[in-house]
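To keep things clear, I will list the structure first and then write my remarks on it.
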Amino acid sequence: MKKFFSLFAFVLLAVAAKAERTYTLASPDGHLQTTVTVAETLTYDIVFDGRRIMEPSPLSMTLSDGTVWGDKAVVRKAVRGNHSGTVASPLYRSAEIEECYNSLTLRMKGNWAVEFRAYDDGIAYRFVSEAKSPFTVAAEEVSYRFPEDFTATVPYVRKGKDGDWNAQFFNSFENTYTVAKLSELNAGRLAFLPLMVDAGEGTKVCVTESDLCDYPGLYLYNSDGDTSLEGMFAPCPVHAEAGGYNRIQRVVKKYAPHIADIDGARTFPWRVAVVGSDTEVAASNLSYLLASPSKIADTSWIKPGKVAWDWWNAWNISGVDFRAGINTRTYEYYIDFAAANGIEYVILDDGWAVGRGEDLFQINPDVDLQHIVDYGRDKGVGIILWAGYMAFNRDLEKVCKHYSEMGVKGFKVDFMDHDDQQMVAFNHRAAEMAAKYHLVLDLHGTHKPAGLNRTWPNILNFEGVHGLEQMKWSTNAVDQMRYDATIPFIRQVAGPMDYTQGAMLNATRSNFRPCRSEPMSQGTRCHQLALYVVLESPLNMLCDSPTHYMREPECTEFIAAVPTVWDQTCILDGRVGEYIVTARRKGTTWYVGGITNWDARNLELDLSALGSGDCKVTLFRDGVNADRKATDYRKETFVARSGEPVKVSLAPGGGFAAVVEFVSGAAE
């Protein structure tokens, strides 16, 4: 009898072993590896330089009919591949990007598949539907199970009670970061992406997603006080009404019991883990590379540039003989300022339409919009209009057609404040309609780009960032300097940001105070200048008043001249939350920017990483008294000899910005 049971147990083990199949996929350089296991559940792990930094973590998709892609999966065919080439990226941080990866696609019984890619700087996977008929997705299981209680840096959803998920799905994706052990994260609060986990030994894991199209965005949270992060998605809205801020927001009153309606065969969003050192993560292009290629064949009409912005500075100009405000004379003044400084656009923010913009065809009687557009055109300055979501979405084609024919160049669309399937689809639909009428878009009040900037390159900017507008009402309890030194390593990994820098009123930590009518920045003047290099915004704002810029001609000249799209980008140095030094090249000229948190810092810049030979350097650096008076700065020009480091001292909350031109040798 014992022999019988032993034989029976052996047979069961043999059957189980046969049912379990493992597939190993390594990055081209061999440093990253994932093992995909197909058994009772479908799992994958992440190993970096021989050390497992993520335990086997389950992935599955549950359909509304009860089918679960991932449980007891049966592999019909495993297809391996590799790719090496370049991707053109003309409106991004580099003119072209190298792409190199190994891939594994497991085609499963049941008309579905899962695809993995291993890059040198990350592991990504996505589900693929091969179904011919429509279906609904009830849930998707996303899990990141870490082997230790690592430290995480997460942006929580700000609004809504803990555990009230539906309330938390209504959010603006703007918050500072919370740094805590995984086990100590708030189990009742969602974190939006991207977020970062410090896996120790100098290795960071930045979690994000890409190719987000017609599907809800991913949130993560720790539900059990362990060392894992689990995914959650907003359900499909069933009934929504106008509400919120001036009734231009969508307020969902009822949700469906599923997260997505699917037409049939399609790919789903990539789940991305960017892995590497601080600077390697900051330099990652995976969000762009994993996105669908551009849907606009001819992008020559898309014009990036800078924008003179009215709202942050509250239309406060001085030395004029008219009453400043939301009126024609004020906008003529902004256009004159933009034209005089080579600034491509002026934005008319909230107020150009009657009321609070509920109807975009009812124009404020104090604003002669056609005259303003014509006045700007005659001076080479384009006009961009602000629009609230509900009004823009309600009359989408009518609005785009009418204002394009008027000569308007684009829209800044605001207050989407969701990333459920319907709102994600709106972003794509708005981009397609805007492209039809050759309009650029700035999606304010929205989630991270998640590859949308590649798919629809007429969307130049995305918010989803705790930008400078927050300084109008935030107290100095908000540490914006640490935040600024964090976002290049986390939020910016997902794509461009509408941060809206450029303040000319600057304050030390002790002197800062919120002021809605004459706002200021935390940190030094050179910190603000450096942000034009450190942060990525193809449509970059000049947030302050023309009056202030005209009183600061050196700084204004630098801001006006700095490009907004680049031929090459290098992350020279940095640590998350502490400091970063970024170099970007346009043509043969390099721009280098560095910022620090509230810690003073001495840096040595090795410019040999940018080219060979001597170089002319025009440097804006913190003044000797910038720790007391944050507007204090010095501009100096000198020749840096080949091989000699350039030494720069940063005040607390400080920064520097440099223009580097090689005078011998060649830029690399």
Side-chain angles (χ1 to χ4, degrees), residues 93-94 202 276-283 481 484-489 492 501 523-536 554-555 557-559 561-563 566-624 626-627 632-668:
R93 58 166 66 177
S94 298
S277 67
D278 297 54
T279 55
E280 288 169 339
V281 168
M481 295 299 91
D484 287 357
T486 301
I487 50 178
F489 303 92
Q492 194 160 269
Q501 62 266 42
T524 69
R525 170 70 55 77
C526 285
H527 187 103
Q528 288 296 301
L529 298 183
L531 290 177
Y532 283 96
V533 181
V534 171
L535 303 184
E536 293 168 13
E554 286 185 335
C555 296
E557 182 181 3
F558 171 81
I559 293 171
V562 67
W566 306 91
D567 294 325
Q568 186 179 353
T569 292
C570 301
I571 309 299
L572 299 181
D573 196 6
R575 288 196 295 269
V576 177
E578 298 181 25
Y579 71 100
I580 189 169
V581 180
T582 301
R584 303 186 192 271
R585 179 177 61 82
K586 188 70 172 180
T588 60
T589 302
W590 283 94
Y591 292 78
V592 185
I595 58 172
T596 183
N597 55 17
W598 285 118
D599 295 328
R601 201 174 303 276
N602 295 317
L603 299 176
E604 291 192 358
L605 310 180
D606 180 7
L607 299 182
S608 65
L610 310 181
S612 59
D614 299 343
C615 54
K616 176 186 174 183
V617 178
T618 301
L619 177 66
F620 291 81
R621 62 176 177 83
D622 293 328
V624 68
D627 61 328
D632 185 31
Y633 77 93
R634 284 198 63 183
K635 176 188 175 184
E636 53 192 18
T637 301
F638 55 90
V639 174
R641 299 301 179 188
S642 179
E644 293 183 2
V646 175
K647 297 180 180 181
V648 186
S649 294
L650 280 63
F656 75 88
V659 182
V660 178
E661 300 169 284
F662 284 86
V663 295
S664 62
E668 296 178 348

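Not measured: the values here are computed from a predicted model.
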Do any N or O atoms from the side chain of Asp614 and from the backbone of Ser642 form a donor-acceptor pair under 3.5 angstrom? yes
Using a 3.5 Å distance criterion without hydrogens, assess whether the side chain of Asp484 forms a donor-acceptor pair with backbone atoms of Asn597. no
Could you walk me through whether Asn602 and Lys647 pass side chain to side chain contact (heavy atoms under 4.5 Å, CB included), step by step? CA-CA 7 Å; Asn602 295 317; Lys647 297 180 180 181; over 6 Å; no
Hey, mind stepping through Arg575 and Glu578 against salt bridge (Lys or Arg N to Asp or Glu O under 4.0 Å) and telling me if it holds? CA-CA 5 Å; Arg575 288 196 295 269; Glu578 298 181 25; 2.8 Å; yes
Using the rule given for side chain to side chain contact (heavy atoms under 4.5 Å, CB included), can you reason through Val592 versus Leu610, listing the C-alpha separation, both sets of side-chain angles and the distance that settles it, and then say yes or no? CA-CA 10 Å; Val592 185; Leu610 310 181; 3.9 Å; yes
Phe638 and Leu619: side chain to side chain contact (heavy atoms under 4.5 Å, CB included), yes or no, with the steps? CA-CA 8 Å; Phe638 55 90; Leu619 177 66; 4.1 Å; yes
Quick check: do Trp590 and Cys615 have side-chain heavy atoms less than 4.5 Å from each other? no
Can Thr589 and Lys586 be said to form a side chain to side chain contact (heavy atoms under 4.5 Å, CB included), step by step? CA-CA 6 Å; Thr589 302; Lys586 188 70 172 180; 5.7 Å; no
Quick check: closest heavy atoms across Leu607 and Ala640, and the distance to 0.1 Å? CD1-CB, 4.4 Å
Around Glu557, counting heavy atoms of other residues, nucleotides and ligands shown, do more than 12 lie under 6.0 Å from its CD? no
Examine distances only and state if a side-chain atom of Tyr532 and a backbone atom of Gln501 form a donor-acceptor pair shorter than 3.5 Å. yes
How long is the span from the OG atom in Ser277 to the CZ atom in Phe489, to the nearest 0.5 Å? 9.0 Å
Looking at every non-hydrogen atom in both residues, tell me the closest pair between Gln492 and Leu535 and how far apart they are. OE1-CA, 3.2 Å
d(Glu636 CD, Thr618 OG1) to nearest 0.5 Å is 10.0 Å
Less than 4.5 Å apart, side chain to side chain, heavy atoms only: is that true for Leu572 and Leu605? no
Got a second to check how far Leu650's CG is from Arg601's CZ, nearest 0.5 Å? 8.0 Å
Main chain of Val576, side chain of Asp278: is a donor-acceptor contact present, judged purely on distance under 3.5 Å? yes
Phe656 versus Arg621, closest heavy-atom pair with distance: CB-CA, 4.4 Å
Leu529 versus Phe620, closest heavy-atom pair with distance: CD1-CD2, 3.7 Å
Provide the closest heavy-atom pair for Cys555 versus Arg525 in the form atom of the first, atom of the second, distance. SG-NH1, 3.5 Å
Looking at side-chain heavy atoms only, is the closest gap between Phe558 and Val659 below 4.5 Å? yes
Test side chain to side chain contact (heavy atoms under 4.5 Å, CB included) applied to Asp567 and Arg585, Arg584, Arg93, the passing residue: Arg585
Is the Tyr591 ring parallel, tilted or perpendicular to the Trp566 ring (thresholds 30°, 60°)? perpendicular
Indicate the atoms forming the closest heavy-atom contact of Ile580 with Pro488, along with that distance. CD1-CB, 3.4 Å
